[in-house]
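Lettering follows sequence order; numbering is per chain, from 1. Note that the structure is a prediction, hence the values are computed from the model and not measured.
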Amino acid sequence: MKPKSQRLILVSLAVIALGVAVLLAMSAMREQAAFFYAPADVQRLGLPLDRPVRVGGMVKEGSLRRHDDGVTIDFIVHDETEHTIPVTFTGIVPNLFREGSGVVAEGRFQPDGRFVASEILAKHDENYMPPELSDRGLHKTETIE
Amino acid sequence: MHAYANPARFLKIARALTPWLGWGGLLLIAIGVGYGLLVAPPERYQGDSVRIIYLHVPAAWLGMGGWTGIAVASFMQLVWRHPLAAVAGRALAVPGALFTAICLVSGSLWGRPAWGTYWEWDGRMTSMLVLLFLYFGYIALASAEKEKGGEGRLTAIFGLAGTVNLPIIHYSVVWWRSLHQTQSIDIVRGQSAIAGEMLWPLLVSAVGFSLFFGAIVMMRMRADLARTKVEARLRRMAEA
């Protein structure tokens, strides 16, 4: 065999072996590398009470409620399963936070199952749409009433 | 591919190609980014902050595209010992790192108003930052090896090994729950979740930045070859 073809086979094999190794490593850390727990994970793994965690999912339509103090909000995070997490947060939410949209909350679970968030991050989905014709040019942030 | 591995022939083609890539790229960037910034509609939830997409997404693609080029060059260097492969790898690394940095900075600036944070250690952001560090490592290794008069074989091995990060970046939003949104444009299936009025300036801008990237690479390769020629001549004169 010519050295050129030998190298071709050797380098190709090395690349394939490295690729497979990395794929295996990545699939092994599927759980650890996740940025947040979904409601279904919390159900499956139990409430992590001992440490601050992130939970995420969609803000349930119609679940957003503002307390009388004006800065504390309650809402429910749900995912594609029937599991939900009630969340309480005091502070200012990002622009993209609204009902029916993605959210990631950082904080701690209380023993009663309620999640008290110290920070709220909004998630944007992959859809990029212009506003409806009626309010074109006027960006309305529909967040909390 | 093999026919262009001859430096003399390559130089002739590169010299003719550079102005077309450079000026053509700048023209398309002006059209795509100009339309995106001034004419395209704001996004329904993000408002005007969506306009960063016309810079952020092309920069992300080119940051990854640059390393794809390094992977191909490294493979050709290791297998066929092409004289131009190491030159191409070195030429790709600096603009690749630059566009990766642009992607990270523009994304961070968008993240503050949209997500509520400049930076989080989610899969997509972390793997993109790793790509930037891989570029730094590649640049340092390539210049060190060149200084010592090596063929660049170590650099090529590093370039090939670093390629494993590319699928990780791509699938980071699929494998792991992330803060970053999943991909909007599926080139293989030809589908897009971006409204047409925003999509076409984005694609024009991406093609423009790609051509401009090509012009930078051509210029850097020509400069690299010219420098090698000068050094060889100086050595011969010193010996004579």
Side-chain angles (χ1 to χ4, degrees), chain A residues 3-12 14-15 18-19 21-23 25-27 29-38 41 54 56-57 79 91-98 101-102 104 106 119-133 135-142, chain B residues 40-50 53 71 74-81 110-117 120-127 156-157 160-161 163-165 167-168 171-173 175-186 192-199 202:
Chain A
K4 218 189 270 184
S5 345
Q6 253 175 3
R7 287 202 299 268
L8 178 62
I9 293 167
L10 202 68
V11 173
S12 305
V15 168
L18 190 65
V22 168
L23 279 181
M26 290 304 128
S27 72
M29 55 189 258
R30 246 190 148 125
E31 296 276 322
Q32 289 90 329
F35 187 64
F36 55 84
Y37 291 116
D41 303 331
R54 290 192 206 96
D79 57 10
I92 299 164
V93 293
N95 280 349
L96 289 183
F97 178 82
R98 61 195 172 80
S101 181
V104 177
E106 202 172 331
E119 197 188 354
I120 295 277
L121 301 174
K123 251 180 81 108
H124 189 264
D125 64 11
E126 70 278 15
N127 297 302
Y128 288 71
M129 292 295 154
E132 298 308 319
L133 281 170
D135 57 19
R136 167 157 297 186
L138 294 167
H139 174 233
K140 238 175 33 197
T141 324
E142 299 156 77
Chain B
E43 211 268 344
R44 57 185 165 168
Y45 303 129
Q46 297 170 46
D48 282 324
S49 73
V50 71
I53 198 178
S74 301
F75 192 82
M76 292 173 69
Q77 156 92 5
L78 288 173
V79 175
W80 294 291
R81 306 267 156 88
W110 177 85
R112 185 66 188 87
W115 291 334
T117 178
E120 288 293 330
W121 294 99
D122 98 325
R124 175 56 67 83
M125 285 165 247
T126 308
S127 56
I157 291 171
L160 213 48
T163 309
V164 296
N165 192 37
I168 295 177
Y171 289 108
S172 56
V173 291
W175 288 339
W176 309 309
R177 276 186 289 279
S178 61
L179 184 60
H180 194 283
Q181 50 268 46
T182 51
Q183 73 170 6
S184 301
I185 302 172
D186 190 332
S192 152
I194 301 177
E197 302 164 83
M198 302 177 189
L199 182 62
L202 171 61

Return the [atom1] to [atom2] distance between [X] and [Y], rounded to the nearest 0.5 Å.
| X | Y | atom1 | atom2 | value |
| --- | --- | --- | --- | --- |
| B/Tyr45 | A/Asn95 | OH | CG | 13.5 Å |
| B/Trp175 | A/Met26 | CH2 | CE | 7.0 Å |
| B/His180 | A/His124 | NE2 | NE2 | 11.0 Å |
| A/Asn127 | B/Thr182 | CG | OG1 | 8.5 Å |

Per-residue contact mode, [X] against chain A (heavy atom under 4.5 angstrom):
| X | result |
| --- | --- |
| B/Ala161 | both |
| B/Ile157 | neither |
| B/Ile185 | neither |

What option among [options] has the most heavy-atom pairs under 4.5 Å with chain B?
| options | answer |
| --- | --- |
| A/Leu18, A/Ile9, A/Ile92, A/Leu23 | A/Leu18 |
| A/Arg7, A/Met29, A/Glu119 | A/Arg7 |
| A/Ser101, A/Gly19, A/Ala38 | A/Ala38 |

Indicate yes or no for a side-chain donor-acceptor contact from [X] to the backbone of [Y] under 3.5 Å, with no hydrogens or angles considered.
| X | Y | result |
| --- | --- | --- |
| A/Lys4 | B/Arg81 | no |
| B/Glu43 | A/Met129 | yes |
| B/Arg177 | A/Phe36 | yes |

Would you name the heavy atoms of [X] and [Y] that are closest together and state the gap between them?
| X | Y | value |
| --- | --- | --- |
| B/Ala193 | A/Glu126 | CB-O, 3.4 Å |
| B/Ser184 | A/Tyr128 | OG-CE1, 3.5 Å |
| A/Pro130 | B/Ala195 | CD-CB, 3.3 Å |

Quiz item: Between A/Val11, A/Leu10, A/Val15, which is the residue that forms a side chain to side chain contact (heavy atoms under 4.5 Å, CB included) with B/Leu78?
Solution: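 One option only clears the test, and that one is A/Val11.
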Practice problem: Check the pair B/Phe75, A/Ser12 against side chain to side chain contact (heavy atoms under 4.5 Å, CB included), reporting the backbone distance first and the verdict last. | Solution: CA-CA 9 Å; B/Phe75 192 82; A/Ser12 305; 3.6 Å; yes
Quiz item: Do A/Phe35 and B/Met125 have side chains that get closer than 4.5 Å, going by heavy atoms?
Solution: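 Counting from C-beta outward, A/Phe35 and B/Met125 never come under 4.5 Å.
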